[in-house]
Protein chains: 2
Amino acid sequence: MTGYRDSSGRRLDDYPRPSVAVDTAVLTVVDGALAVLLVRAGRSDDEWRLPGSFLHEGETLRGAVLRSLRVKAGVEGLRPRQLHVFDRPGRDDRGWVLSVAHVDVVRADRVPISKGHQLARVDDLPDLKYDHGEIVAFAVDALRTDYRGTPDPAALLEAPFTMRQLRLMHEAVSGERLLPDTFRRAMAPRLRATGEMLVEGRGRPAELFERA
Amino acid sequence: MTGYRDSSGRRLDDYPRPSVAVDTAVLTVVDGALAVLLVRAGRSDDEWRLPGSFLHEGETLRGAVLRSLRVKAGVEGLRPRQLHVFDRPGRDDRGWVLSVAHVDVVRADRVPISKGHQLARVDDLPDLKYDHGEIVAFAVDALRTDYRGTPDPAALLEAPFTMRQLRLMHEAVSGERLLPDTFRRAMAPRLRATGEMLVEGRGRPAELFERA
DNA sequence: CGAATAGTGTCTGTGAGACAATATTTA
DNA sequence: TAAATATTGTCTCACAGACACTATTCG
């Protein structure tokens, strides 16, 4: 590597290099509302941030995300997706740090909450360190876009599920009420009926579906 | 900066850091077709790449994109937009290099073509170095998405313009024929008629529009 | 039975696609 | 006048939203 020179004749390692971090908004649905996993920032009691890590040598961004979730939050991440690189000078008081923001979506029962962690509803977020508030906004936006038109693309529901369960999940993600009949007709073509029924409390039993 | 330690107790500068580059697909429309600016890679005659540069200290990604376009291609870039970070290990034979891919869209008359540069139609692209072929695909996709539903968002046309000029521009970007009447009805609500008319060759004079 | 939930019928408005008709100009 | 282009009329189809109706179960 040291032999290479760029167009201005300088060796690659002559350039100062930034630290590169990954920060991930781990989204989930708890009690019918969209929530994001926060970890305590430093020692202070009221400073929160997203789980993240610096990128290690030879590691992919995806690898760094999965490692940081495992180590910092005890979460087995699934399919992290890149959102945006945050590069504002001075955004990190530790020096020259770029952050590659990611989003990952996991079922709430796979997010262990211990001391120093919390699941915060995205519509009632505390102040976050760095630009992590912006990252959450990017992540929520990306997730809502995915859920518009596709049945539970992040597989927050385990198949099989009823149309009602699916609709409640989409309502939680979108933050809006959805009409049962319109929703059913929009989703049905992308689902396969299992033939099984589910009796749940009062009311007529519901057909069970899986993703087509 | 040197005083800060991370959660494992190591100083920030103890970590090896990657080189961070920006690479930009400069898209334009020439002769009714979408094209991208390529620069010669190294000394060989048939190796092409996108203009790019390493990120300098204290510089934003956007700043690095605009600088690299000015210096490497003589183009005054406009509004670079981030696409994706390419991080495959071994993607760059010079070492550990991440590339933040960008797209920028400029009018063809502002892209000076000299020795070592070419505008290549995106539907007939030569092999590109690194993963720059993938970057072009990302860029074209992003541009086509922007043009679906919005009249010439990148301002490739100078206002005022006729509906025909606008349609031909959208056909060049999308790579598809568009129905004149459907297109007009889709765009008209987002345009303002200037009241002026343009006589151009044969046929009934056309009304001139500007973006609303 | 009444309440609750599941599922279907159907009306209406909107908008895209497509074709046709009209309008205005040059060759 | 014929050809070319601009613009508008209108028909059809698909689909979302909305409301109403039927179906099935539990208390």
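Sequence lines set the chain letters: A, B, ... in the order given, protein chains first and strands last, and positions in each chain run from 1.
Inspection of the B/R67 and B/S53 side chains reveals an N or O donor paired with an N or O acceptor under 3.5 Å. For the residue pair B/D23/B/S99, the side-chain donor-acceptor check at 3.5 Å is satisfied.
Across all strands, A/E200 comes closer than 4.0 Å to no nucleic acid atom at all (heavy-atom distances).
Summarising the geometry, the separation between CD on B/E207 and P on C/dT24 is reported as 13 Å, rounded to the nearest angstrom. The CG-P distance, from A/L179 to C/dA6, rounds to 15 Å in whole Å. Distance CZ (B/F183) to P (D/dA6): 12 Å, rounded to an integer number of Å. Nucleotide D/dG17 holds its P atom 9 Å from the CG atom of A/L178, rounded to whole Å. One interatomic measurement links the two molecules: NE2 of B/H170 to C1' of C/dA16, which rounds to 17 Å at whole-angstrom precision. The distance between atom CE of B/M187 and atom P of D/dA6, rounded to the nearest whole Å, is 16 Å. Nucleotide C/dG7 holds its P atom 12 Å from the CG atom of A/L191, rounded to whole Å.
Of the residues in residues 148-169 of chain A, not one comes within less than 4.0 Å of DNA chain D through any heavy atom.
Taking the six-membered ring wherever Trp is involved, the centroid distance between the rings of B/H84 and B/F86 falls below 6.0 Å.
Among all heavy-atom pairs drawn from A/P126 and A/Q118, the shortest one is CG-NE2, 4.1 Å. Contact record, B/L66 with B/P80: CD2-CD, 3.9 Å, taken as the closest heavy-atom pair.
Salt-bridge formation is not detected for the pair B/E200/B/R164: no Lys NZ or Arg NE/NH1/NH2 atom is positioned less than 4.0 Å from an Asp or Glu carboxylate oxygen. Taking a cutoff of 4.0 Å between a charged side-chain nitrogen and a carboxylate oxygen, A/R107 and A/E158 qualify as a salt bridge. Between A/R110 and A/E76 there is no salt bridge, since no side-chain N of the basic residue sits under 4.0 Å from a carboxylate O of the acidic one. Contact check on B/D152 versus B/R211 returns a salt bridge, with a Lys/Arg side-chain nitrogen under 4.0 Å from an Asp/Glu carboxylate oxygen. For A/R49 and A/D131, the salt-bridge test fails: no basic side-chain N is under 4.0 Å from an acidic carboxylate O.
In this structure, A/R184 does not reach the C/dA6 phosphate: none of its side-chain N or O atoms is under 4.0 Å from OP1 or OP2.
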Look for any protein N or O under 3.5 Å of an N or O in nucleotides 25-27 of chain D and output each such pair with its distance, or none.
{"unit_1": "D/dT25", "atom_1": "O2", "unit_2": "A/G203", "atom_2": "N", "d": "3.4"}

Just the table, please: protein N/O against nucleotides 10-12 of chain D N/O, every pair under 3.5 Å.
{"unit_1": "D/dT10", "atom_1": "O4", "unit_2": "B/R185", "atom_2": "NH2", "d": "3.2"}

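The aromatic rings of A/Y130 and A/H132 sit tilted relative to each other, their planes meeting at an angle between 30° and 60°.
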